[in-house]
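Beneath this line is the structure, given in structure tokens, with notes to follow.
Each residue takes its place number in the sequence, starting with 1. Below, each value reflects all heavy atoms present in this structure, side chains not excepted, and no hydrogens, waters or symmetry copies. In listed order, ligands and their atoms are each counted from 1.
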Amino acid sequence: MKVLVTGGLGFIGSHTVVKLIENKFDVVIIDNLFNSKLVVLDRIEKITGIRPVFYQFDVQNKEKLREVFIKEKPEAIIHFAGYKAVGESVAKPLMYYQNNLESTFALLDCMAEFNVKNLVFSSSATVYGLPDKVPLTEDSPVKSATSPYGETKVMIERILTDICAVNKDYNVALLRYFNPIGAHKSGLLGEDPNGIPNNLLPYINRVATGQLKELNVFGDDYDTPDGTGVRDYIHVVDLAEGHVLALKKLATNSGLVIYNLGTGKGTSVLEVVHAYEKATGIKIPYIIKERRPGDVPENYAGTDKARKELGFKCKFNVEDACLDGYNFQKAENERNGK
Ligand code: UFG
């Protein structure tokens, strides 16, 4: 089966492409390199022995997108491409709404024109907003998200739900990711954001490698066991596997399906710090700071539905992910002469 992967050179996209190739899918990637690097394509080839077909352009460019649909004739789409920085989205809401929605509209138009009916969409646990209770199951209410970024996920989920309601032959999987962390075992693929990282694990990686002095822990007065925020951290390789299982589910003419992809286990910021120290043997100095605006105290996934209907099960724990993430950061620094 030929799968078109938008944003296929990004953090989650690249790991998913590797899994797809390992599962004998034909992969075509579109990526505008806004938040990714071309060298990732070489690394995917190094890991899998196969170099996927690659097009460099913005998915909002419908003319170019049409050409790819005509030439490649994909049978399914996995749509990762999108802006994803929560804080930046608050400062630049129009940029987020425009990019994330326009790219999805262009894809949906092409799917309709060229009769492609299978789509996996990268959604996020952010659609649950401030949870009333945890674990968050797929039937927990979708609320107003706490950022324009999150709101684009809520909107696109709604758009896809409405489209599926009238197009009974469409098969769409909304995958709600919890917190993806870790890296590929090879040290070739991972997350190395530009500038000072916003997310916890990329930040800790830079403390571990001496690029940043200490971790700022945003709040220790939440109503959680140790007072710090609790999240469901999932190894990106496990998350990638979830996409392969979702594609297999779509092939059964599933219609619209929604799955959480998480481990089902909540881990606090300080527990992550300790797991990282245990996995790498490196001390992570930290200081307690104010709560970060928009953060929820606690969220973690209910995983029964994905387990029962997809056979989804995580193989890696937080310590595994910490070690893989650190090894990637170290290797990437060496490759970049840092
Ligand atoms: N944190 C710190 N210090 C940091 C960074 C984060 O203490 O330097 C804390 C946060 O306060 C939070 C936890 O670490 O308690 C995780 O924060 P992240 O920024 O890594 O992740 P978030 O849970 O805020 O956000 C993630 C994704 C979003 C997604 C959201 C919804 O990055 O894309 O989950 O579930 F929208």
Response to the item:
In this structure, atom 29 (C) of ligand 1 is nearest to the protein heavy atom S124 OG, 3.5 Å
Practice prompt. Please say whether R292 places an N or O atom under 3.5 Å from an N or O atom belonging to ligand 1.
Written response: yes
Item to complete: Report yes or no: does a heavy atom of N299 sit under 4.0 Å from some atom of ligand 1?
Response: yes
Practice prompt. Give a yes or no answer on whether the side chain of S103 reaches the backbone of Q60 with a donor-acceptor pair at less than 3.5 Å.
Written response: no
Worksheet entry | Proximity flag Y300 to ligand 1, non-hydrogen atoms under 4.0 Å | no
Worksheet item: Relative to each other, are the rings of Y276 and Y326 parallel, tilted or perpendicular (30° and 60° limits)?
Response: perpendicular
Practice prompt. Measure from the ring center of H243 to the ring center of F25 and say whether it is less than 6.0 Å.
Written response: no
Fill in: Approximate separation, where rounding is to 0.5 Å, of F312 CZ and N260 CG
10.0 Å
Worksheet, complete the sentence: Looking only at heavy atoms, the pair that brings Y203 and E214 closest together is CE2-O, 3.3 Å
Worksheet entry | Identified side chain to side chain contact (heavy atoms under 4.5 Å, CB included) partner of L9 from the options N35, I30, L33 | L33
Discussion item. Once you restrict to heavy atoms under 4.0 Å, what part of V269 touches ligand 1? Side chain, backbone, both or neither.
Written reply: side chain
Item to complete: Under 4.0 Å, heavy atoms only, figure out whether ligand 1 is touched by the backbone of N198, its side chain, both or neither.
Response: backbone
Worksheet item: Between Y149 and ligand 1, which part of the residue brings a heavy atom under 4.0 Å of the ligand: side chain, backbone, both or neither?
Response: side chain
Discussion item. Heavy-atom pairs closer than 4.0 Å: do any link ligand 1 to the side chain of V230, the backbone, both, or neither?
Written reply: neither
Worksheet, complete the sentence: Under 4.0 Å between heavy atoms, the region of Y233 that gets near ligand 1 turns out to be side chain
Discussion item. Distance alone, cut at 3.5 Å: any donor-acceptor contact between the side chains of N333 and Q211?
Written reply: yes
Worksheet entry | For atom 12 (C) of ligand 1, the protein heavy atom that lies nearest, with its residue and separation | R231 NH2, 3.7 Å
Discussion item. Would G150 count as a contact residue for ligand 1, given that I'm defining contact as a non-hydrogen atom of the residue lying under 4.0 Å from a ligand atom?
Written reply: no
Discussion item. Could you tell me, atom by atom, which parts of ligand 1 come under 4.0 Å of a heavy atom of V217?
Written reply: 7 (O)
Fill in: K305 NZ/CZ over Y259 ring centroid, <6.0 Å and within 45° of normal
yes
Practice prompt. Identify the protein heavy atom lying closest to atom 27 (C) of ligand 1, giving its residue, its atom name and the separation to 0.1 Å.
Written response: N199 ND2, 4.2 Å
Discussion item. In terms of relative ring orientation, are Y149 and Y96 parallel, tilted or perpendicular, with 30° and 60° separating the classes?
Written reply: perpendicular
Fill in: Under 3.5 Å: N/O of N179 near N/O of ligand 1
yes
Worksheet, complete the sentence: Closest to atom 20 (O) of ligand 1 among protein heavy atoms sits L200 N, 2.8 Å
Worksheet item: Are V172 and I156 joined in one hydrophobic group, where the rule is that I, L, V, M, F, W and Y side chains link up if heavy atoms are under 4.5 Å apart?
Response: yes
Fill in: Side chain, backbone, both or neither: D295 near ligand 1, heavy atoms under 4.0 Å
side chain
Worksheet item: Is G229 in polar range of ligand 1, meaning some N or O pair under 3.5 Å apart?
Response: no
Worksheet item: How close does the nearest protein non-hydrogen atom get to atom 1 (N) of ligand 1, and which residue and atom is it?
Response: F218 CD1, 3.7 Å
Worksheet entry | Salt bridge present between R43 and E332 (N-O < 4.0 angstrom) | yes
Practice prompt. Hey, could you give me the NZ/CG distance between K153 and N100, rounded to the nearest 0.5 Å?
Written response: 6.0 Å
Worksheet item: Would a hydrophobic clustering, with Ile, Leu, Val, Met, Phe, Trp and Tyr connected at side-chain separations under 4.5 Å, put V59 with I163?
Response: yes
Worksheet item: What are the atoms of ligand 1, with element, lying closer than 4.0 Å to any heavy atom of A125?
Response: 35 (O)
Discussion item. Could you identify the single nearest non-hydrogen protein atom to atom 3 (N) of ligand 1 and state the distance to 0.1 Å?
Written reply: N216 O, 2.7 Å
Worksheet item: Among the heavy atoms of Y128, does any lie under 4.0 Å from an atom of ligand 1?
Response: no
Practice prompt. Provide the number and element of each atom of ligand 1 under 4.0 Å from a heavy atom of T126.
Written response: 31 (C), 35 (O), 36 (F)
